[in-house]
Amino acid sequence: MNEKNQTLVSEIVLLGFQNLHNLKIPLFSLFLLIYIITVWENVLIIVLVSSSRNLQSPMYFFLQQLSLSDLLESSNIVPTLLQTVIYDRATLSIVGCITQFYFFCSLEISDLLILAVMSYDRYVAICIPLRYTSIMNYSVCVKLVLISWLLGFGITIITVYLIGTLQFCDQNTINHLYCDLLPLLELSCSDTFSLQIEAFFLSVTLIFLPFTLITVSYMCIAHAILKIVSNIGRQKAFSTCSSHLTVVSIFYGTLLSIYLFPSRKHSPAISKVLSLLYTIVIPMVNPLIYSLRNKDLKEALLKKLNKLCKYA
């Protein structure tokens, strides 16, 4: 390819949803409301777990980390999304676009690993209850969380470095809601073969290894639950992991529908809706799933509200 006749671009234009017309204000209001709810829910869980004695257990510690990841992910995507709704586009510098992708990818990997850690925690709690406190002690929990965060933000540096070596010529528009890997590769005028190979093997490893751990953990959990004689005991054991199983199903279902199947099979509109569900709806829904059937979180919230009423 003759690069002398090509103009290098320094900005990326995200097109977002096009031709909204009279739907601009309603959609802007809806997305802003979802973001406000997401921030409120996840901050509430982070504060409750940090300040309530009844929530000082590994399960809630991991839930707190998941809420932090969801909060950061939503905050990374929503500002750009709101800009595309109002102005029909959002303009980012190349560095800004790559930075958004870095945080998006890092937080998704951290999410995957934290969900896998949470499934292991449920496995130990149900299958090896007598050794739970010794296996899942505070030091182990902190190490597992640190590994999840460090792997998420560390591994992505390799991909981001390779993206940084690419050149972007002539075309600078991406028909998407945020900066993602495939749109960036399609936009580049450089050879992206090595980057595609690296991204493929990295994605397969980071998606399916945690998924395998989650699957094996729940197979062991199901086997242990079936051994319980009383129906009440079975229901109690299942209730401790049903919320996590729901979150995992939604998360992986959406993830695989976007990245496992070729995007060309989806229309751009469907791809955007799936991405919307993946990046801003799931971070809002996760706290609801965990809190609706959780007595400890409800009691901690009521105690905090009672204290606020006394001070008021």
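Taking CG of Leu195 as the start and CG of Asp191 as the end, the distance is 10.0 Å to the nearest 0.5 Å. Between the CG atom in Leu277 and the OG1 atom in Thr254 there is a gap of 4.5 Å [rounded to 0.5 Å]. The structure places CG of Leu32 at 11.0 Å from CD1 of Ile25, a figure rounded to the nearest 0.5 Å. For the atom pair CD (Glu108) and CZ (Phe251), the distance works out to 4.5 Å, reported to the nearest 0.5 Å. Between the CD1 atom in Ile114 and the CG atom in Leu107 there is a gap of 9.0 Å [rounded to 0.5 Å]. Of the inter-residue distances, the one linking Ile12 atom CD1 with Arg89 atom CZ reads 12.5 Å to the nearest 0.5 angstrom.
In the hydrophobic cluster analysis, where Ile, Leu, Val, Met, Phe, Trp and Tyr join through side-chain heavy atoms closer than 4.5 angstrom, Leu202 is grouped apart from Trp149. Connection of Leu185 to Val95 is not established within any shared hydrophobic cluster, with ILVMFWY side chains joined at heavy-atom distances below 4.5 Å, either directly or through further cluster members. When hydrophobic clusters are built by joining Ile, Leu, Val, Met, Phe, Trp and Tyr residues whose side-chain heavy atoms come closer than 4.5 Å, directly or via intermediates, Val117 is not grouped with Ile155. Put simply, Ile126 and Met219 are part of two different groups of oily side chains (I, L, V, M, F, W, Y) that touch within less than 4.5 Å, one to the next. Under the 4.5 Å side-chain heavy-atom criterion for Ile, Leu, Val, Met, Phe, Trp and Tyr, Ile157 and Phe201 are members of the same hydrophobic cluster.
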Side chain to side chain contact (heavy atoms under 4.5 Å, CB included) between Asp296 and Leu55, worked out: CA-CA 7 Å; Asp296 292 334; Leu55 303 181; 3.6 Å; yes

side-chain hydrogen bond (donor to acceptor under 3.5 Å, both in side chains) assessment of Ser188 paired with Gln167: CA-CA 6 Å; Ser188 174; Gln167 289 187 335; over 6 Å; no

Residue pair Tyr290, Leu66: steps toward the side chain to side chain contact (heavy atoms under 4.5 Å, CB included) verdict: CA-CA 11 Å; Tyr290 277 107; Leu66 185 65; 3.9 Å; yes

Residue pair Thr159, Cys105: steps toward the side chain to side chain contact (heavy atoms under 4.5 Å, CB included) verdict: CA-CA 10 Å; Thr159 306; Cys105 189; 6.0 Å; no

Derivation of the side-chain hydrogen bond (donor to acceptor under 3.5 Å, both in side chains) call for Asn76 and Tyr178: CA-CA 9 Å; Asn76 181 44; Tyr178 53 86; over 6 Å; no

From CA spacing to verdict: side chain to side chain contact (heavy atoms under 4.5 Å, CB included), Ile207, Leu112: CA-CA 7 Å; Ile207 290 175; Leu112 289 169; 4.2 Å; yes

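Between Phe104 and Tyr278, the angle of the ring planes goes over 60°, which puts this pair in the perpendicular group of the 30/60° scheme. Ring-plane geometry between Phe103 and Phe153 is classed as perpendicular, the angle between the planes exceeding 60 degrees on a 0 to 90 degree scale with a lower cut at 30.
There is a side-chain donor-acceptor pair under 3.5 Å between Thr156 and Ser106. Using modelled atom types, one finds no donor on one side chain facing an acceptor on the other under 3.5 Å when comparing Ser148 with Gln65. Between the side chains of Glu73 and Thr279, no donor-acceptor pair of N or O atoms lies under 3.5 Å. Using modelled atom types, one finds a donor on one side chain and an acceptor on the other under 3.5 Å when comparing Ser75 with Tyr35. Side-chain contact check for Ser50 and Gln64: at least one donor-acceptor pair (N or O, by modelled atom type) lies under 3.5 Å. Using a 3.5 Å distance cut-off with no hydrogens or angles, the side chains of Asn54 and Tyr60 do not pair a donor with an acceptor.
You'll find the side chain of Leu71 stays beyond 4.5 Å of the side chain of Pro283, heavy atoms only. Taking the side chain as every heavy atom from C-beta outward, Tyr132 and Asp121 approach each other to under 4.5 Å. For the pair Gln171 and Glu186, the minimum side-chain heavy-atom distance is 4.5 Å or more. Contact check for Ile34 versus Val78: no side-chain heavy atoms found under the 4.5 Å cut-off. Residues Ile135 and Val140 are not in side-chain contact: their nearest non-hydrogen atoms beyond the backbone lie 4.5 Å or more apart. Residues His223 and Cys220 have side chains not in contact (no heavy-atom distance under 4.5 Å, counting atoms from C-beta outward). A 4.5 Å side-chain heavy-atom check between Leu115 and Val247 finds at least one atom pair inside the cut-off. A 4.5 Å side-chain heavy-atom check between Glu41 and Ile37 finds at least one atom pair inside the cut-off.
Annotation for Gly152 and Ser110: closest pair CA-OG, 3.7 Å, computed over non-hydrogen atoms. Taking all atoms of both residues into account, the shortest heavy-atom contact from Gln100 to Cys179 is OE1-N, 2.9 Å. Considering every non-hydrogen atom in both Ile214 and Ala116, the closest pair reads CG1-CA, 3.7 Å. The two residues Asp88 and Phe17 have their closest heavy-atom pair at OD1-O, 4.2 Å. Heavy-atom minimum distance, Leu177 versus Lys272: CD1-O, 3.3 Å. Across all non-hydrogen atoms, the minimal contact from Ile86 to Lys24 is O-NZ, 3.3 Å.
With hydrogens and angles disregarded, no donor-acceptor distance shorter than 3.5 Å links the side chain of Ser74 to the backbone of Asp70. Between the side chain of Asp180 and the backbone N or O of Pro183 there is no donor-acceptor pair closer than 3.5 Å. Not one N or O on the side chain of Tyr123 forms a donor-acceptor pair closer than 3.5 Å with the backbone of Leu213. With Gln83 contributing its side chain and Ala90 its backbone, the two residues share no donor-acceptor pair below 3.5 Å. Formation of a donor-acceptor pair under 3.5 Å by the Ser67 side chain with backbone atoms of Ile45 is not found in this model. A side-chain donor-acceptor contact under 3.5 Å links Thr84 to the backbone of Leu81.
Centroid-to-centroid, the aromatic rings of Tyr218 and His244 come within less than 6.0 Å.
As summarised for Cys189 and Cys169, their two SG atoms come within a distance smaller than 2.5 angstrom, satisfying the threshold.
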